[in-house]
Amino acid sequence: MEETKFNIYGTMFHPNGYSRSECLSYISATKEEALATCKRLYPLFEIISVVVDDSKPEVVKVQSLR
């Protein structure tokens, strides 16, 4: 099973009236699974768009301190 990273853009609304734009990222097999996880964890998050993030992870090389 191959998993994909999905960036979900939207607005987070808080009970005190405060809101802000955010990007939440989820790794899942399908877009639907990522959206379901987002909605379950953040029910007050209003989704605007979903984008597949196919960027390569940065590889950090360990260097000796000597």
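Note that this is a predicted model, so its numbers are computed, not measured.
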Interatomic distance, CE@M12 vs NE2@H14, rounded to 0.5 Å, equals 6.0 Å
Using 0.5 Å steps for rounding, measure from the OG1 atom of T11 to the CG atom of L44.
12.0 Å
Looking at side-chain heavy atoms only, is the closest gap between L24 and F45 below 4.5 Å?
yes
Contacts of V50 that satisfy side-chain contact (heavy atoms from CB on, under 4.5 Å) - sequence neighbours left out
F6, I8, K31, L35, I47
With ILVMFWY side chains joined below 4.5 Å, transitively, what does I48's cluster contain besides itself?
none
N16 to Y18 - nearest heavy-atom pair and separation:
OD1-N, 3.0 Å
Are K5 and Y26 packed together at the side-chain level, in the sense that at least one heavy-atom pair is separated by less than 4.5 angstrom?
no
Calculate, to the nearest 0.5 Å, the distance between atoms CD and OG1 belonging to E3 and T30 respectively.
10.0 Å
Atom SG of C23 and atom OH of Y9: how far apart are they, to the nearest 0.5 Å?
4.0 Å
Salt bridge (charged side-chain N to carboxylate O under 4.0 Å, His left out) partners for R40, two or more places apart
none
